[in-house]
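Reviewing the structure listed below.
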Amino acid sequence: MGFSVTVLTIASSKGGPGKTTIAMVLAASLAAEGRRVVALDADPTQAFSRWAANAYEGAKFEVHAEADETRLAHLIDRAAGEAEVVIVDTAGFGNRAAAVAMTSADLIIVPTLSGEADVTEAEKTVRLAEGLARAARREIPTAVLLNKVRRTQLTRHATQEIEAAGLPRLQATLSDLVAYGEMSYSGRIPQTGPAVAEIAAVLAELRARFGLPG
Ligand SMILES: Nc1ncnc2c1ncn2[C@@H]1O[C@H](COP(=O)(O)OP(=O)(O)O)[C@@H](O)[C@H]1O
Ligand SMILES: [Mg+2]
């Protein structure tokens with residue numbers, strides 16, 4: 001594979017599609033595999049860093065909360081020199097730190113829910129990523145990740161909308177499962193049940209298609 005991911009940014013213009021949840025799952029899973037992970041929390045609400053400091057009980061990784069875009073840009077570069085994988089959790093934008101984190105990324109994951117408005121927001125985020133990549137005159141692979149999926153007509157519709165808009169997406173999806181919500185209190189990523197296989201499928205696809213280490 002000719003490329004490898006060091007900086008993985010989770011971004012969406014909208015609040016609530018699961019950015020922080022996915023950042024938790026990825027950081028904890030990769031740390032559990034023995035990867036050197038640095039997580040950067042660029043959301044001023046600091047949900048990720050509070051979780052890491054107060055609830056998280058898995059394999060250790062380093063966490064920095066930094067919502068200031070100037071400092072974040074330097075911090076990402078430094079973290080990329082030290083870690084195998086840097087996971088950046090962002091706020092919904094209108095937020096410059098999110099744009100910095102997207103511009104610095106080797107891969108941008110755009111979580112989305114299945115509603116029509118959600119998919120429209122995901123498209124906006126992908127178009128921003130494309131624009132930032134053009135401005136930087138390099139490729140920044142970007143993929144939509146359908147989250148809180150229920151096996152309904154709505155999800156099928158969302159998948160069609162994403163494809164009709166030509167948005168790159170992961171085949172893997174995450175279901176609407178209590179286990180993901182519980183993580184924020186238990187401090188542990190799911191160890192049993194269907195979430196385990198879903199998380200493994202996301203990681204496998206990120207490795208096969210996007211050069212995630214491992
Ligand atoms: N796949 C899922 N199944 C069930 N609940 C989820 C899932 N993904 C996220 N959640 C819950 O949805 C809420 C919003 O998720 P969060 O990760 O905070 O979104 P964001 O960071 O994008 O604002 C949280 O309460 C979280 O626990
Ligand atoms: Mg969040």
Side-chain angles (χ1 to χ4, degrees), residues 8-29 39-58 63-67 69 72 86-102 105 108-115 117-126 128-129 142-152 154-155 158-159 162 169-203 205-206:
L8 199 166
T9 293
I10 325 283
S12 70
S13 55
K14 209 165 179 275
K19 291 183 293 297
T20 300
T21 301
I22 289 162
M24 290 170 179
V25 162
L26 293 176
S29 301
L40 302 180
D41 182 358
D43 185 340
T45 65
Q46 298 192 358
F48 184 98
S49 30
R50 269 184 288 111
W51 175 77
N54 301 328
Y56 179 60
E57 292 189 352
V63 183
H64 300 278
E66 185 54 80
E69 67 272 14
L72 181 66
V86 181
I87 310 271
V88 193
D89 185 24
T90 65
F93 50 75
N95 170 299
R96 280 192 287 195
V100 164
M102 291 170 80
I108 300 170
I109 293 181
V110 181
T112 183
L113 309 182
S114 298
D118 298 293
V119 175
T120 302
E121 287 300 318
E123 177 168 7
K124 268 172 45 185
T125 305
V126 171
L128 176 61
T142 301
V144 172
L145 172 54
L146 261 171
N147 185 27
K148 292 202 208 181
V149 163
R150 299 185 183 149
R151 306 291 154 194
T152 61
L154 181 62
T155 300
T159 307
I162 289 166
R169 76 174 173 98
L170 295 183
Q171 294 295 318
T173 60
L174 298 181
S175 303
D176 190 348
L177 294 172
V178 176
Y180 292 114
E182 281 174 346
M183 268 175 18
S184 56
Y185 299 104
S186 72
R188 293 207 153 269
I189 55 168
Q191 310 289 318
T192 57
V196 173
E198 289 186 351
I199 292 167
V202 169
L203 288 167
E205 190 173 359
L206 293 178

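Below, all heavy atoms of this structure are taken into account, side chains as well, without hydrogens, waters or symmetry copies. When a ligand or atom number is given, it counts from 1 through the structure's own listing order. In what follows, residues are counted from 1 in the order of the sequence shown.
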Sequence-distant partners of F48, ring-ring contact (aromatic ring centres under 6.0 Å, His included), two or more places apart: W51
Looking at CD1 of I87 and CD1 of I109, how far apart are the two atoms once the value is rounded to the nearest 0.5 Å? 7.5 Å
Measure the CG-OG1 distance between L145 and T112 for me, rounded to the nearest 0.5 Å. 9.5 Å
What's within reach of the Mg ion (ligand 2), meaning protein N/O/S atoms under 2.8 Å? T20 OG1
Pair D89, T20 - check side-chain hydrogen bond (donor to acceptor under 3.5 Å, both in side chains), show working. CA-CA 6 Å; D89 185 24; T20 300; 2.7 Å; yes
Pocket residues around ligand 1 (non-hydrogen, under 4.0 Å) come out as G15, G16, P17, G18, K19, T20, T21, N147, K148, S175, D176, L177, Y180, G181
Smallest heavy-atom separation, V119 atom then S114 atom, equals CG2-O, 4.2 Å
For R96 and E69, run salt bridge (charged side-chain N to carboxylate O under 4.0 Å, His left out): C-alpha distance rounded to whole Å, both residues' side-chain angles, the deciding distance at 0.1 Å, then the answer. CA-CA 6 Å; R96 280 192 287 195; E69 67 272 14; 3.0 Å; yes
Cut-off 3.5 Å, no hydrogens considered: what does the side-chain donor-acceptor table look like for residues 190-199, sequence neighbours left out?
{"residue": "Q191", "atom": "NE2", "partner": "I189", "partner atom": "O", "Å": "2.7"}
{"residue": "E198", "atom": "OE1", "partner": "S175", "partner atom": "N", "Å": "2.9"}
{"residue": "E198", "atom": "OE1", "partner": "Y180", "partner atom": "OH", "Å": "2.7"}
{"residue": "E198", "atom": "OE2", "partner": "S175", "partner atom": "N", "Å": "3.1"}
{"residue": "E198", "atom": "OE2", "partner": "S175", "partner atom": "OG", "Å": "2.4"}

Is a donor from one side chain sitting under 3.5 angstrom from an acceptor on the other, for S12 and K19? yes
Can you tell me how far CD of E182 sits from CG of L177, rounded to the nearest 0.5 angstrom? 10.0 Å
